[in-house]
J.: 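Once you've had a glance at the structure underneath, I'll fire off some questions.
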There are 2 protein chains.
Amino acid sequence: MQKSSRVSEAVIRRLPKYYRYLKDMQKSGVERISSKELSKKMGLTASQIRQDFNCFGGFGQQGYGYHVSELCDEIRKILGLDKEYNVIIAGAGNLGQALANYVGFEKEGFNIRAMFDVNPRLVGLSIRGVQILDIDSMGDYIVNNEIQVGIVCVPKAKAQEVTDEMVKRGIKSIWNFAPVDVEIPENVAVENVHLSDTLYTLSYKMNED
Amino acid sequence: MQKSSRVSEAVIRRLPKYYRYLKDMQKSGVERISSKELSKKMGLTASQIRQDFNCFGGFGQQGYGYHVSELCDEIRKILGLDKEYNVIIAGAGNLGQALANYVGFEKEGFNIRAMFDVNPRLVGLSIRGVQILDIDSMGDYIVNNEIQVGIVCVPKAKAQEVTDEMVKRGIKSIWNFAPVDVEIPENVAVENVHLSDTLYTLSYKMNED
DNA sequence: TATATATCGTTAAAAAAATAACAATAATTC
DNA sequence: GAATTATTGTTATTTTTTTAACGATATATA
Ligand SMILES: NC(=O)c1ccc[n+]([C@@H]2O[C@H](COP(=O)([O-])OP(=O)(O)OC[C@H]3O[C@@H](n4cnc5c(N)ncnc54)[C@H](O)[C@@H]3O)[C@@H](O)[C@H]2O)c1
Ligand SMILES: NC(=O)c1ccc[n+]([C@@H]2O[C@H](COP(=O)([O-])OP(=O)(O)OC[C@H]3O[C@@H](n4cnc5c(N)ncnc54)[C@H](O)[C@@H]3O)[C@@H](O)[C@H]2O)c1
């Protein structure tokens, strides 16, 4: 993996999509694929695919194409999915619980260790073996359990506050679902998901022309 | 609103973000804003903001800036959020229930009329007054209740099948949460959300350099 | 009312991204 | 083992997107 700092955001955003398709192909026993075939499946150009992969060194063979499982492994590594992460969820409401119940994240190394909430009715319960703890204990928990990833599922008004506490205690990345762009210092990564945005885009498309 | 077909995807994807910020400002009583001020808040350039708005005609006044609530209303209209929609959810599991419980969608006109599932334990239950019906009745329900929007929350393997049924019965847009790009005919709109993708991007960022 | 100031809408320039072209090279065929 | 074919990695071109520049115009001020 080469100097990643100058790989464009556009390329990075496509990596998970490549990973998704390659994993599927690998699962169904496909051993090799050319950029041309892949371009048809994914709705991209072959040129773009080759150029994307070459940002990271190029994993193909001329005259042959790409080994699916090899390429898949490389992209997994590039995305950092070859590692294990300790994760917590702040906000054990509808969305927090849905995420906690989803097994897909653990399959890629994101292990949810605990959830946190203010609601005393929720504190003490467990979701798939993951305990819901009092939000006041979150800070210490992060430090004592080497949590790297924080998922924010609290109401909008509390999202920044909860994020700040996570960052203060050393969390390295924030996956935020509250409909606000939370602010973080430079050395912390953040993804503000904004589910509604995609619904509104859909609405636009549905109404256009 | 002018010929929308040639407004670039990049601009369209920014519209919900503008809407989010403008709604917040409107709520907190801000009456006017210049492209410069807005650019600071949103982390964009003033130039881009002005050019984006001008794709739809330009809603500002020289020497003054933009009326927040006027601009907000315009963007709401552009996004089609001034209308009401009938919505159904296929798959009343973790995510389907979380979405059904969220009030934010109805506030923008997306009214969830029913949910559908194969699981007999779920059929008959209600979420916030929304009934879970048998998936076999979905087709007729769509036709009889003028459903425009279908939310797909079934497992990956069933997503295309469910989508096909929705489309066949006349649904005009698909909001898909299964980790697969569902195929639709040209006259139907689709947003494949891919929640995990953003987690993987986050993972990449967290590990870079 | 005239002048100065602010800020838009629009056109121009720069930067980034996507696509196309092609030489290099591995695999396959004869 | 030479010739042919397939397909990459890479460089060049085109297109799209972003940013900058600036004239036009409304507001505010004197
Ligand atoms: N559910 C959805 O489909 C959906 C869709 C789009 C966006 N969102 C956003 O995701 C976030 C969570 O949504 P939800 O539907 O799960 O809401 P929810 O109300 O069901 O859950 C929020 C939870 O956060 C807890 N909470 C409140 N303040 C807290 C604090 N300071 N610290 C810790 N916990 C606190 C509440 O007790 C509650 O359990 C919200 O910001 C919402 O806007 C949700
Ligand atoms: N929960 C999450 O956090 C999360 C995250 C990323 C992606 N997803 C995706 O969203 C989808 C739903 O996830 P979930 O966690 O709610 O899963 P889930 O298993 O909790 O719910 C799926 C529901 O679909 C129903 N179902 C199965 N086949 C059906 C069919 N043919 N017709 C109608 N209903 C059917 C099941 O009975 C179940 O109730 C999945 O594709 C999942 O991969 C979920």
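Quick note on labels: first sequence line is chain A, next is B, and so on, each numbered from 1. Values in this document were obtained by computation on a predicted structure and should not be read as measured data.
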J.: Could you check which of C:dT19, C:dT10, D:dT27 has an atom nearest any side-chain atom of B:Asn54?
T.: C:dT10
J.: Measuring from the side chain of B:Ser47 (C-beta onward, heavy atoms only), which nucleotide among C:dA17, D:dA21, C:dT19 has the closest atom?
T.: D:dA21
J.: Rounded to whole Å, how long is the line connecting atom CG of B:Leu44 with atom C1' of D:dA20?
T.: 16 Å
J.: Just to verify, which of A:Arg20, A:Lys17, A:Arg14 counts as forming a salt bridge (Lys or Arg N to Asp or Glu O under 4.0 Å) with B:Asp197?
T.: A:Arg20
J.: Examine C:dA16: is either OP1 or OP2 under 4.0 Å from a nitrogen or oxygen in the side chain of A:Ser8? Give yes or no.
T.: no
J.: Where the side chain of B:Arg14 is concerned, which of D:dT18, C:dA18, D:dT19 is the nearest nucleotide?
T.: D:dT18
J.: Enumerate the protein-to-nucleotides 13-15 of chain C contacts in which both atoms are nitrogen or oxygen and the separation is below 3.5 Å.
T.:
none

J.: Using a 6.0 Å cut-off, check whether atom NZ of B:Lys23 has over 12 heavy atoms from anything other than its own residue.
T.: yes
J.: Atom CG in B:Asn192, atom CG in A:Leu202: separation rounded to 0.5 Å?
T.: 10.0 Å
J.: Run the side chain to side chain contact (heavy atoms under 4.5 Å, CB included) check on A:Asn176 and A:Ile151 step by step: do they pass?
T.: CA-CA 6 Å; A:Asn176 171 46; A:Ile151 307 183; over 6 Å; no
J.: Classify the angle between the aromatic ring planes of A:Tyr204 and B:Phe56 as parallel (below 30°), tilted (30 to 60°) or perpendicular (above 60°).
T.: perpendicular
J.: What residues from residues 18-39 of chain B pass a heavy-atom cutoff of under 4.0 Å to DNA chain C?
T.: B:Arg32, B:Ser34, B:Ser35
J.: Write down the distance between OH (B:Tyr64) and P (D:dT27), rounded to a whole number of angstrom.
T.: 9 Å
J.: Side-chain N or O of B:Gln48 versus OP1/OP2 of D:dT18: is the shortest distance under 4.0 Å?
T.: yes
J.: Check whether the side chain of B:Gln62 and the base of D:dT25 form a donor-acceptor pair under 3.5 Å.
T.: no
J.: On the ring face of B:Tyr66, is B:Arg32 found with NZ or CZ under 6.0 Å from the centre and within 45° of the axis?
T.: no
J.: What's the CD-P distance between B:Gln61 and D:dT25, to the nearest Å?
T.: 14 Å
J.: Quickly work out the B:Lys40 NZ to C:dT7 C1' distance and round it to whole Å.
T.: 14 Å
J.: Over how many whole Å does the gap from A:Arg6 atom CZ to C:dA16 atom P extend?
T.: 12 Å
J.: Could you state the CG-P distance from B:Leu71 to C:dC8, rounded to the nearest angstrom?
T.: 10 Å
J.: Taking CZ from B:Arg13 and P from C:dA17, how many angstroms apart are they, rounded to a whole number?
T.: 17 Å
J.: Name the closest nucleotide to the B:Arg50 side chain, picking from D:dT19, C:dT10, D:dT8.
T.: C:dT10
J.: Is there a donor and acceptor pair, one atom on the side chain of A:Gln51 and one on the base of D:dT11, closer than 3.5 Å?
T.: yes
J.: In whole angstrom, what separates A:Glu9's CD from C:dA18's P?
T.: 12 Å
J.: Could you check whether A:Trp175 and A:Phe105 have their ring centres less than 6.0 Å apart?
T.: yes
J.: Once you measure the plane-to-plane angle for B:Phe110 and A:Tyr200, does it fall in the parallel (<30°), tilted (30-60°) or perpendicular (>60°) bin?
T.: parallel
J.: Could you tell me how the ring of B:Phe53 sits relative to the ring of B:Phe59: parallel (under 30°), tilted (30 to 60°) or perpendicular (over 60°)?
T.: tilted
J.: Check this one for me: any side-chain N or O of A:Tyr66 less than 4.0 Å away from OP1 or OP2 of D:dG9?
T.: yes
J.: Quick one: do the B:Arg113 and B:Asn145 side chains pair a donor with an acceptor below 3.5 Å?
T.: no
